[in-house]
Amino acid sequence: MIRKLLVATHNRGKVVEYSEMLAALDVVWLSLDDIGITLEVEETGDTFEANAILKSQTYAAETGLLTLADDSGLEVDALGGAPGIYTARYGGPGLTPKQRYEYLLANLHDVPWPLRSARFRCVISLAAADGTLLGTAGGLCEGLIATEAAGNGGFGYDPVFYLPDRQQTMAQLAPDEKHAISHRGRALQAIKPLMRKILQEESDGGDS
């Protein structure tokens, strides 16, 4: 039996990334929109991990599905670690992703290149169908904030996140290359053994 796995997001791009990075897992990848979930979990945690756990447990209990949730964001050293857990809301409500990264660039307008260090951080949480927390894993990707956007790939802040060793922004990378080094890719690889174990245990239980 192929297991359904809910990714607790309305962002289809994120679900596609998950399915590409963990293509070997025998699961059907579902987003909140795929199953008609309109419940919005208020991210009241003060860390990425707390918010990821909150989302995975709440949506798992709501849907009865094995649920993967992440909380991720951008930490810019020149801004004291902002936008951090507020990355998706940076600049205020109703902005497009392009408007958000343009707001970021404006805030860093006078910051010299050596001081534009930043990182993407991601924490992934896996919850059982009854809402029980099964585990978490994290990943980081270090870089710099570019002075202007470049590239059409990825989503979010990818066009302004510059990778010095590749001399490209995240949005200029091929999907496979991005998945290998991204914060989400690293967090997924870290949690993959647990996912395999859970799916195998459920498969073995179903065969008995």
Side-chain angles (χ1 to χ4, degrees), residues 1-45 47-73 85 87-88 97 120-141 153-156 158 170 173-208:
M1 179 182 71
I2 298 178
R3 184 64 193 272
K4 294 178 180 178
L5 194 150
L6 175 65
V7 181
T9 182
H10 295 285
N11 185 333
R12 192 63 202 173
K14 187 180 290 188
V15 179
V16 170
E17 284 197 352
Y18 273 117
S19 64
E20 289 175 347
M21 287 186 276
L22 296 179
L25 294 180
D26 193 17
V27 297
V28 174
W29 296 88
L30 299 171
S31 71
L32 295 173
D33 290 340
D34 289 333
I35 57 175
I37 297 297
T38 57
L39 170 71
E40 291 292 342
V41 175
E42 188 175 354
E43 297 179 9
T44 55
T47 64
F48 292 116
E49 182 176 40
N51 284 328
I53 291 171
L54 179 63
K55 288 187 285 187
S56 68
Q57 291 188 298
T58 302
Y59 284 117
E62 175 75 13
T63 65
L65 294 171
L66 183 68
T67 299
L68 204 62
D70 77 43
D71 198 42
S72 58
I85 61 172
T87 295
F120 276 127
R121 185 184 299 274
C122 177
V123 176
I124 290 176
S125 174
L126 182 66
D130 63 359
T132 302
L133 178 65
L134 298 173
T136 64
L140 286 176
C141 182
F155 57 89
D158 286 356
M170 191 77 86
L173 300 180
D176 288 349
E177 190 175 8
K178 176 186 174 179
H179 298 337
I181 64 150
S182 74
H183 54 310
R184 187 168 293 109
R186 288 170 172 163
L188 272 176
Q189 290 307 314
I191 206 166
K192 187 175 180 179
L194 173 61
M195 294 180 65
R196 284 189 179 280
K197 178 175 180 289
I198 297 301
L199 291 169
Q200 184 60 50
E201 287 175 351
E202 292 185 350
S203 176
D204 291 344
D207 293 340
S208 61

ask   = Shortest non-hydrogen contact from Asp71 to Glu43?
value = OD1-OE1, 3.5 Å
query = How close do Cys122 and His183 get, heavy atom to heavy atom, and via which atoms?
reply = CB-CD2, 3.5 Å
query = Ignoring hydrogens and geometry, is there a side-chain-to-backbone donor-acceptor pair from Tyr59 to Val7 under 3.5 Å?
reply = no
Name each donor-acceptor pair under 3.5 Å that joins a side chain in residues 27-38 to protein atoms two or more places apart or in another chain, with its distance.
from  : atom 1 : to    : atom 2 : distance (Å)
Ser31 : OG     : Asp33 : N      : 3.3
Ser31 : OG     : Asp34 : N      : 3.2
Ser31 : OG     : Asp34 : OD2    : 3.2
Asp33 : OD1    : His10 : ND1    : 2.6
Asp34 : OD2    : Arg12 : NH1    : 2.7
Asp34 : OD2    : Ser31 : N      : 2.9

request  = Of all the heavy-atom pairs spanning Lys178 and Gly154, show the shortest one and how long it is.
outcome  = NZ-CA, 3.7 Å
request  = Go through the structure and list residues passing side-chain contact (heavy atoms from CB on, under 4.5 Å) with Ala50, not counting sequence neighbours.
outcome  = Thr47
ask   = Between Ala60 and Ala127, what is the shortest heavy-atom contact and its length?
value = CB-CB, 3.9 Å
All side chain to side chain donor-acceptor pair (under 3.5 Å) counterparts of Asp130, not counting sequence neighbours = Thr132
ask   = Hey, does the side chain of Thr58 reach the backbone of Lys55 with a donor-acceptor pair shorter than 3.5 angstrom?
value = no
Lys192: partners by side-chain contact (heavy atoms from CB on, under 4.5 Å), with sequence neighbours left out = Leu22, Gln189, Arg196
message = Looking at every non-hydrogen atom in both residues, tell me the closest pair between Ala187 and Gly139 and how far apart they are.
response = CB-N, 3.7 Å
Audit row: Ile53, Thr136, side chain to side chain contact (heavy atoms under 4.5 Å, CB included) steps and yes/no = CA-CA 8 Å; Ile53 291 171; Thr136 64; 3.8 Å; yes
inquiry  = Please give me the minimum heavy-atom distance between Arg186 and Leu140, naming the atom from each residue.
reply    = NH1-O, 2.7 Å
Residue from Leu68, Val15, Leu65 passing side chain to side chain contact (heavy atoms under 4.5 Å, CB included) with Leu6 = Leu65
message = Taking side-chain contact (heavy atoms from CB on, under 4.5 Å) as the definition, give me every residue that meets it alongside Ala137, ordered by chain and number, with sequence neighbours left out.
response = Ala190, Ile191
key: Sequence neighbours excluded, every pair satisfying side-chain hydrogen bond (donor to acceptor under 3.5 Å, both in side chains) that has a member inside residues 61-70   = Lys14-Asp70, Tyr18-Asp70, Asp70-Arg184
query = Quick check: does any side chain N or O of Asp158 sit under 3.5 Å from a backbone N or O of Met170, one acting as donor and the other as acceptor?
reply = no
